[in-house]
Structure formats: structure tokens, C-alpha cells
K.L.:
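Starting off with a structure, shown below.
Predicted model only: the values in this text are computed from it and were never measured. By convention here, the first residue in the shown sequence is residue 1.
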Amino acid sequence: MTYSVAVSGASGYAGGEILRILAAHPDVHIRTVTAHSSAGQPLLAHQPHLRSLSHLTLQQTTPEILAGHDIVFLALPHGQSGQYTDALGDTPLVIDAGADHRLVSQADWDVFYGGAFHEPWAYGVPELPVAGGTQRDRLVGASRIAAPGCNASTVSLSLAPGVAAGVIDATDIVSVLAVGPSGAGKSLKTHLLGSEILGSANPYSVGGVHRHIPEIRQALTAAGGTDVRVSFTPVIVPMARGILATSSARIAVGATDAQIRAAWEQAYGDETFVHVLPEGVYPRTADVIGANTALMGLHIDRSTDRVTVVTAVDNLVKGTAGAAVQSMNIALGLPEDRALTVNGVAP
């Protein structure tokens, strides 16, 4: 069976990455691409690297145009997906790359986002440990999927095995991330201009205000954490893509080094796209560019009784579009790795 697909927000970074992956997917036909201000223009005017999709023209993003497809991907700014998802009740599978359907708590939504609250959907991070298994189990046969926030899924994947195994203390988590500006989208913002970020590292959303914090707390609570507390500081660095997340947590009383390392190796030992590196080896963002891979290095620091996990992902692939397509594959009963690669691009 070939599934017809519409991608909204197709002129942006997330929409473009969804299209790049789907263009190589043998089970889908990209029939419709939509945008707002750029509607009526060729897709190639905004995504010139997608040569195989040169025949497509951006249409207006309306419920009527998005309807009538087997699968709809929404790659819209936060707070804008809900108006369309409410009108797509007859669409067999809808995948939202925005935040509108990620959070379970309306109180968290009101504090960190504001505006209309929409029901939570199945969370699109298949490998994430949750009580009784992994998030993958909740994606099988799903008709509504919320793709993750890139920073949130990176930190959650980094620490969830330790939380689930009870070898780290979820009340004392510190995470600092080096992130590429593509994670902030394509709209023009002064602090994201090349002249502002080249040769500089710039922290933002410091002090517990970043919108991905409740998403991290939610994921780690689902893994078994109680009273999850996260100190989270992202830093924009001059690379177009990538996240390097350095996350640490206090070691739980009585946990041995062998138990700690086993928690991560058992959680991800059979996973295709999440790899725990050998002891003493740590990842680089360069190793995951273009790949749907999360690479993580684990260090047990007995001088401070903390575990540090360093994780690298491509924020536009494993952090967003790759996670969305991987979740789509699971929901449809297709091979999970269809159209996705573990190989990065080097140099």
C-alpha cells in the first residue's frame, strides 16, 4: 500500500527535513505541501536541496487542502497546529511536529506556552523507557502522534534509563546543551543572524523558563521518576545542526557502577537508533549529522557521586523529523527503520 501524504509548514526547517526523509520512503507519496506567506511559490524556492520534489508547489495551509490524505504532518509554530488537528478528524494518521499535543498537564501548557490547550497525543520517542516497557508500545497503531521537542527528547533519552532503573536521583538533574540555531526555526530573529552567532556561544531561556522543561519532566516521570527537577540551560553555538547535551544527576544511594552502566546498556542495547558508546568514549555532533541516531557516552564520577551522560543528535532528524517518521513507521506496522539511516555525513 502507498500512503498519500500532506506536509504543512513545508517551507520551514522541520517541514523540509520531513520531506527530505519521506522523499526516500517507498511506502508514501508526497501529494501536497503547504505554507502560509509563501503559498503559490515552488517548493524549490524554499527547499532547493529537494530536487526530487521539484514538481511540487506550496499551497495554502487550510483544513480543506490538508484533508483527504492518509497521513498529514504538521510542521507549524507552537500554538498553531490545534486549529488544524481539530478539523482533521477523518484523517487516518496525523503527526504534529509542534508542541500543541505534547503536554499532558494543562497547567504546564498555560505556564510555558499559553493559549488554547489541546489533548495530548502518543509521544513520538519510541526508545524512551516508560513504566512497563518503552514508548514504542504506545505508538503501535496510533492515529495521532506528537513528535518531540528536540532538546527535550535528547535530555529524556539521556537520563530515562537511570531513572527507570532507580540508579539516579531525578530530583537533582542538571543539563547544559550546545544547540544549532536551526532548532529555533527559519523565521528571521536578530539573535540568530550569522553575524550574531559566528564566533560566539549564546545562552538563552536561562533559569527554568525554557518550554522543553515540562516535556522533560513529563518523560522522566513516565519512566518512573518522582518529583523530577531539572536545571536546563541551552546555548546556541555556531553550527547549523546538532545538539550536544551534557546531563548529570546524583547517583542513587547504594547503586553500584555495574548497575549504573547496565541500566543504559540494557535499555538501549537492542535499539537501532540509540547507541551507548564504550566506556571513556564520547560523541560529537559531527557524527550524527543527517542520521536518525542518538549517540551517548556515560561517565560515573564517584568524586561527586554523579552520573554524566553526553548525548549527540541531529536536532532536525532524531530530534524532530526522523522521530516523526520513525513513529509513523511504527504506527503503520512498517519496518521501523524505513527511509531512516544510522549513518551520518562526514566530514
K.L.:
Test side chain to side chain contact (heavy atoms under 4.5 Å, CB included) on Arg302 and Asp257 and set out the steps.
P.N.:
CA-CA 9 Å; Arg302 283 296 178 181; Asp257 290 10; 2.8 Å; yes
K.L.:
Between Leu58 and Leu22, is there shared hydrophobic-cluster membership here, with clusters defined by ILVMFWY side-chain heavy atoms closer than 4.5 Å?
P.N.:
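Yes; tracing contacts between hydrophobic side chains, which count when under 4.5 Å, links both residues.
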K.L.:
Does Ile251 share a hydrophobic cluster with Ile173, counting links as ILVMFWY side-chain heavy atoms below 4.5 Å and allowing steps through other members?
P.N.:
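As far as the 4.5 Å side-chain criterion goes, Ile173 and Ile251 are connected within one cluster.
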K.L.:
Which pair of heavy atoms, one from Thr308 and one from Ser248, lies closest together, and at what distance?
P.N.:
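Between these two residues, the closest heavy atoms are OG1-CB, 3.6 Å.
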K.L.:
Does CD in Glu279 sit with more than 12 non-hydrogen atoms of other residues, nucleotides or ligands closer than 6.0 Å?
P.N.:
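Atom CD in Glu279 is not crowded, with 12 or fewer foreign heavy atoms closer than 6.0 Å.
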K.L.:
For the pair Thr57 (side chain) and Gly40 (backbone), establish whether a donor and an acceptor sit closer than 3.5 Å, ignoring hydrogens and angles.
P.N.:
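No; judged by distance alone, with no hydrogens or angles, the pair does not exist.
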K.L.:
State plainly whether one hydrophobic cluster holds both Ile330 and Tyr123, where clusters connect Ile, Leu, Val, Met, Phe, Trp and Tyr through side-chain heavy atoms under 4.5 angstrom apart.
P.N.:
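As far as the 4.5 Å side-chain criterion goes, Tyr123 and Ile330 are not connected within one cluster.
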K.L.:
Taking the side chain as everything from C-beta on, heavy atoms only, tell me whether Arg217 gets closer than 4.5 Å to Asp108.
P.N.:
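In contact.
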K.L.:
Return the CD1 to CZ distance between Ile300 and Arg306, rounded to the nearest 0.5 Å.
P.N.:
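Reported to 0.5 Å precision, the distance equals 14.0 Å.
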K.L.:
Are Asn329 and His25 linked by a side-chain donor-acceptor pair shorter than 3.5 Å?
P.N.:
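Indeed, the side chains of Asn329 and His25 share at least one donor-acceptor pair under 3.5 Å.
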K.L.:
Any chance you could measure Glu215, atom CD, to Leu220, atom CG, to the nearest 0.5 Å?
P.N.:
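The distance works out to 10.5 Å.
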K.L.:
Tell me whether Lys318 contacts the main-chain N or O of Val288 through its side chain, where contact means a donor paired with an acceptor under 3.5 Å.
P.N.:
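Not a single qualifying donor-acceptor pair exists.
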K.L.:
Would you say the side-chain atoms of Ser8 pair up with the backbone N or O of Phe73, donor to acceptor, closer than 3.5 Å?
P.N.:
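Yes: the side chain of Ser8 pairs with the backbone of Phe73.
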K.L.:
Which pair of heavy atoms, one from Ser4 and one from Gly68, lies closest together, and at what distance?
P.N.:
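Looking at all heavy atoms of both residues, the closest pair is OG-O, 4.3 Å.
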K.L.:
Under 3.5 Å, side-chain donor or acceptor atoms of residues 224-238 against the rest of the protein: list the pairs with distances, not counting sequence neighbours.
P.N.:
unit_1: Asp227; atom_1: OD2; unit_2: Arg229; atom_2: NH2; d: 3.3

K.L.:
May I ask you to check whether His191 and Tyr204 place their ring centers less than 6.0 Å from one another?
P.N.:
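No.
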K.L.:
Do His212 and Arg102 have side chains that get closer than 4.5 Å, going by heavy atoms?
P.N.:
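A side-chain contact under 4.5 Å exists here.
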K.L.:
Kindly say whether Val317 contributes a backbone atom to a donor-acceptor pair with the side chain of Thr320 at under 3.5 angstrom?
P.N.:
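Pair absent, no side-chain N/O of Thr320 close to backbone of Val317.
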K.L.:
Any chance you could measure Thr34, atom OG1, to Leu43, atom CG, to the nearest 0.5 Å?
P.N.:
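Reported to 0.5 Å precision, the distance equals 11.0 Å.
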K.L.:
For the OG1 atom of Thr85 and the CG atom of Asp100, what is their distance to the nearest 0.5 Å?
P.N.:
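Between atom OG1 of Thr85 and atom CG of Asp100 there are 7.0 Å.
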K.L.:
So do the side chains of Thr61 and Gln80 get within less than 4.5 Å of each other, counting heavy atoms only?
P.N.:
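Thr61 vs Gln80: side chains apart.
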K.L.:
Check the orientation of Trp121 and His101. Use parallel for under 30°, tilted for 30 to 60°, and perpendicular for over 60°.
P.N.:
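Trp121 and His101: parallel rings.
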K.L.:
For residues Thr272 and Asp337, is any side-chain donor paired with an opposing acceptor at under 3.5 Å?
P.N.:
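No - no donor-acceptor pair under 3.5 Å links their side chains.
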K.L.:
Looking at Ser205, is its backbone amide N or carbonyl O close enough to the side chain of His210 to form a donor-acceptor pair, meaning the two atoms are under 3.5 Å apart?
P.N.:
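Checking the backbone N and O of Ser205 against the side chain of His210, no donor-acceptor pair under 3.5 Å is found.
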K.L.:
How far apart are the closest heavy atoms of Leu128 and Ala160, and which atoms are they?
P.N.:
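Taking Leu128 first and Ala160 second, the nearest heavy atoms are CD1-CB, 3.8 Å.
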K.L.:
Any side-chain heavy atom of Leu295 within less than 4.5 Å of one from Tyr282?
P.N.:
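They are not in side-chain contact.
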K.L.:
Report yes or no: do Asn292 and Gln326 form a side-chain donor-acceptor pair below 3.5 Å?
P.N.:
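Indeed, the side chains of Asn292 and Gln326 share at least one donor-acceptor pair under 3.5 Å.
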K.L.:
Going by the side chain to side chain contact (heavy atoms under 4.5 Å, CB included) test, name the single residue among Val310, Leu177, Leu159 that passes it with Ser247.
P.N.:
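Running side chain to side chain contact (heavy atoms under 4.5 Å, CB included) over Val310, Leu177, Leu159 with Ser247 returns exactly one hit, Leu159.
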K.L.:
Are Tyr84 and Val72 close enough that some pair of their side-chain heavy atoms sits under 4.5 Å apart?
P.N.:
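A side-chain contact under 4.5 Å is absent here.
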K.L.:
Any sub-3.5 Å donor-acceptor pair from Gln47's side-chain atoms to Gly12's backbone N or O?
P.N.:
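Here the side-chain-to-backbone pair exists.
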K.L.:
Do Arg31 and Leu56 pass the side chain to side chain contact (heavy atoms under 4.5 Å, CB included) test, and can you show the C-alpha distance, the side-chain angles, and the key distance before you say yes or no?
P.N.:
CA-CA 8 Å; Arg31 200 174 83 202; Leu56 293 174; over 6 Å; no
K.L.:
Minimum heavy-atom separation for Pro148 and Ser153, please, with both atom names.
P.N.:
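The pair with the smallest heavy-atom distance is CB-CB, 3.7 Å.
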K.L.:
To the nearest 0.5 Å, what is the distance between CD on Glu119 and CZ on Phe117?
P.N.:
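If we round to the nearest 0.5 Å, Glu119:CD and Phe117:CZ are 9.0 Å apart.
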K.L.:
Could you check whether any side-chain heavy atom of Ser105 comes within less than 4.5 Å of a side-chain heavy atom of Gln218, counting everything from C-beta outward?
P.N.:
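The answer is no, as the side chains (C-beta and beyond) never meet within the 4.5 Å cut-off.
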K.L.:
Are the side chain of Arg211 and the backbone N or O of Phe112 linked by a donor-acceptor pair below 3.5 Å?
P.N.:
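Side chain of Arg211 to backbone of Phe112: a pair is present.
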K.L.:
Using every non-hydrogen atom in the two residues, find where Gly115 and Trp109 come nearest and quote the distance to one decimal.
P.N.:
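Closest pair (atom of Gly115, atom of Trp109, distance): O-NE1, 3.3 Å.
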K.L.:
With side chain to side chain donor-acceptor pair (under 3.5 Å) as the criterion, how do Asn315 and Ser182 come out once you've worked through the C-alpha distance, each side chain's angles and the decisive distance to 0.1 Å?
P.N.:
CA-CA 8 Å; Asn315 58 294; Ser182 59; 3.0 Å; yes
K.L.:
Taking C-beta and beyond as the side chain, do Val307 and Trp264 meet within less than 4.5 Å on heavy atoms?
P.N.:
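A side-chain contact under 4.5 Å exists here.
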K.L.:
Check whether Leu88 and Ile71 end up in the same hydrophobic cluster, where Ile, Leu, Val, Met, Phe, Trp and Tyr are linked by side-chain heavy atoms less than 4.5 Å apart.
P.N.:
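Cluster IDs for Leu88 and Ile71 differ.
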K.L.:
Side-chain heavy atoms nearer than 4.5 Å, only ILVMFWY residues, links allowed to pass through others: does that put Leu66 and Leu93 together?
P.N.:
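As far as the 4.5 Å side-chain criterion goes, Leu93 and Leu66 are not connected within one cluster.
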K.L.:
Less than 4.5 Å apart, any side-chain heavy atom of Met328 and any of Ile95?
P.N.:
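Yes - at least one pair of side-chain heavy atoms lies under 4.5 Å apart.
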K.L.:
Looking only at the side chains, is there a donor atom on one of Ser158 and Thr311 sitting less than 3.5 Å from an acceptor on the other?
P.N.:
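The answer is yes; a qualifying pair exists.
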K.L.:
Could you state the interatomic distance from CE (Met296) to OH (Tyr268), rounded to the nearest 0.5 Å?
P.N.:
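Interatomic distance, Met296 CE to Tyr268 OH, rounded to 0.5 Å: 5.0 Å.
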K.L.:
Would you call Arg136-Glu271 a salt bridge at under 4.0 Å N-O?
P.N.:
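Looking at Arg136 and Glu271, the cut-off is met.
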K.L.:
What heavy-atom pair brings Ala122 and Gln135 nearest, and what distance separates the two atoms?
P.N.:
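The answer is C-NE2, 4.2 Å.
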K.L.:
Are any side-chain N or O atoms of Thr2 and backbone N or O atoms of Asp27, one a donor and one an acceptor, separated by less than 3.5 Å?
P.N.:
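Not at all, since once roles are kept as given, no pair shorter than 3.5 Å links the two residues.
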